[in-house]
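So that the names make sense, note that chain A is the first sequence line, chain B the second, and so on, each numbered from 1.
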Protein chains: 2
Amino acid sequence: MRPQKVLDIEILTGLSKIFRSKGYEGASLKDLSDATGLKKASLYHRFPDGKKGMADAVLNHINNWVDEKVFFELLNTEKTPEERLKTGLEAVRVLYEGGEETCIFRALSMQSSLELFENQISGGMKKWINTFKTLGLALGFSPTDAKEKAYQTLIKVQGSLIVTKGLNDITIFENTLVQIENEYLDQ
Amino acid sequence: MRPQKVLDIEILTGLSKIFRSKGYEGASLKDLSDATGLKKASLYHRFPDGKKGMADAVLNHINNWVDEKVFFELLNTEKTPEERLKTGLEAVRVLYEGGEETCIFRALSMQSSLELFENQISGGMKKWINTFKTLGLALGFSPTDAKEKAYQTLIKVQGSLIVTKGLNDITIFENTLVQIENEYLDQ
DNA sequence: GTCTATAGCTAGATAGAC
DNA sequence: GTCTATCTAGCTATAGAC
């Protein structure tokens, strides 16, 4: 077999950059080709299902990253709940590059693309909520409060990313992360 | 002059439905034509700047609606601040059809379209924040708290709309509105 | 596995009749 | 003011050489 000119991880990084910034409809195969360094036909060789397959791969890649970096930290029982919160939110900061990057869920959840990716998006959001709920319980919240706090955490992260983009001000994202941490610890 | 087959308001309603659900790149002229009942060439007669002009008109239309229905209520000094909050949030509920509709800011703020509409989007968000800050002051918040509360209100509305779509559950939006109201009154 | 070349289609936009 | 017909460019996707 001929060696891969571009590594899988590099391809996923390039595809991710385009889908997250332009959305599904806004991402053209030319964009995806330029960002990966592979010609269109080569992308189709790697992803026989075409653009849909590329976005699926990006969603899985990011969901896996979040599993390993964010959720693993939040659930790592070798640390105190307070430490878990801190390192988990630090991973969230990295995931969104301090507010510079959008969320892939947001980028792929306009009507037409939401139909294609609803399982991965709703699954990812549910896992997010369940994980933060678990952390809330470890911090002493009641089940009801922990669940509500988890929803609010997801809502605030998503909302702050939107407002950060709209006002072109990454301090909004950063302030929100700090506020989330304080609210978990303040109770 | 030949009479308009379709009224301006009906056109704006149709265009708005498409742009809000599909985003700028995802909205085709065929979509826009079908939704308004006007053929493509007729749309170009009404909007000489084409698709960009149509989205501009939708943004202005919605910004005006929000001015008249949401901000007017929030600032209406003939009522108590508590009443203003209640009726203002009720208008927000109508704006997003209880969580069924997306926000036009969100729909038009992917990278490529954000460049086209950044002034209207950032202007609209700033006005939102200033108006809620004014209400917070009327409710007795300190300037710092009122400003922070206003940011959080915008963030929560935007975030709850994203999560509502992702989980296909409009109770998330509704719960968020109720929570916003309670937090303004609880202090 | 990657490429050039191209198919087939739809996009946004325009010309000109009525 | 609205329409049919059409233009060009770009789109997603595929064929087949290397």
Acceptor/donor pairs from residues 38-50 of chain B side chains to any protein atom, 3.5 angstrom cut, sequence neighbours excluded:
unit_1: B/Arg46; atom_1: NH1; unit_2: B/Val6; atom_2: O; d: 3.4
unit_1: B/Arg46; atom_1: NH1; unit_2: B/Asp8; atom_2: OD1; d: 3.0
unit_1: B/Arg46; atom_1: NH2; unit_2: B/Val6; atom_2: O; d: 2.8

> Under 4.0 Å between a Lys/Arg side-chain N and an Asp/Glu carboxylate O for A/Glu73 and A/Lys86?
Replying inline: no
> A/His45 has an atom NE2; how far is it from atom P of D/dA15, in whole Å?
Replying inline: 15 Å
> Can you tell me how far P of C/dT4 sits from OH of A/Tyr44, to the nearest Å?
Replying inline: 17 Å
>> How many whole angstroms separate atom CD1 of A/Ile11 from atom C1' of C/dG1?
In response: 10 Å
> Rounding to a whole Å, what distance do you find between B/Lys51:NZ and D/dA9:C1'?
Replying inline: 14 Å
>> How many whole angstroms separate atom CG of A/Asp8 from atom P of C/dG1?
In response: 9 Å
Could you list the donor-acceptor pairs under 3.5 angstrom formed by side chains in residues 135-151 of chain B, with sequence neighbours left out?
unit_1: B/Ser142; atom_1: OG; unit_2: B/Asp145; atom_2: N; d: 3.0
unit_1: B/Glu148; atom_1: OE2; unit_2: A/Gln179; atom_2: NE2; d: 3.2
unit_1: B/Glu148; atom_1: OE2; unit_2: B/Gln152; atom_2: NE2; d: 3.2
unit_1: B/Lys149; atom_1: NZ; unit_2: B/Glu183; atom_2: OE1; d: 3.4

Below 3.5 Å between N/O atoms, which protein atoms pair up with nucleotides 3-8 of chain D? Just atom names and distances, please.
unit_1: D/dC3; atom_1: OP1; unit_2: B/Lys5; atom_2: NZ; d: 2.6
unit_1: D/dC3; atom_1: OP2; unit_2: B/Lys39; atom_2: N; d: 2.9
unit_1: D/dC3; atom_1: OP2; unit_2: B/Ser42; atom_2: OG; d: 3.1

> Atom CG of B/Asp31 and atom P of C/dA11: how far apart are they, to the nearest Å?
Replying inline: 7 Å
> Pick one: which of A/Ile121, A/Leu161, A/Ile162 meets side chain to side chain contact (heavy atoms under 4.5 Å, CB included) with A/Cys103?
Replying inline: A/Leu161
>> In whole Å, I'd like the distance from the CG atom of B/Leu29 to the C1' atom of C/dT14.
In response: 12 Å
>> How long is the straight-line distance from CZ of B/Phe71 back to CG of B/Asn130, given to the nearest 0.5 Å?
In response: 9.0 Å
>> Between A/Lys30 and A/Pro48, which residue's closest nucleotide on DNA chain D lies nearer the 5′ terminus?
In response: A/Lys30
> For the pair made of CD1 in A/Ile18 and P in D/dC11, what is the distance, rounded to whole Å?
Replying inline: 12 Å
> Are side-chain N/O atoms of B/Thr153 and B/Tyr184 paired as donor and acceptor at under 3.5 Å?
Replying inline: yes
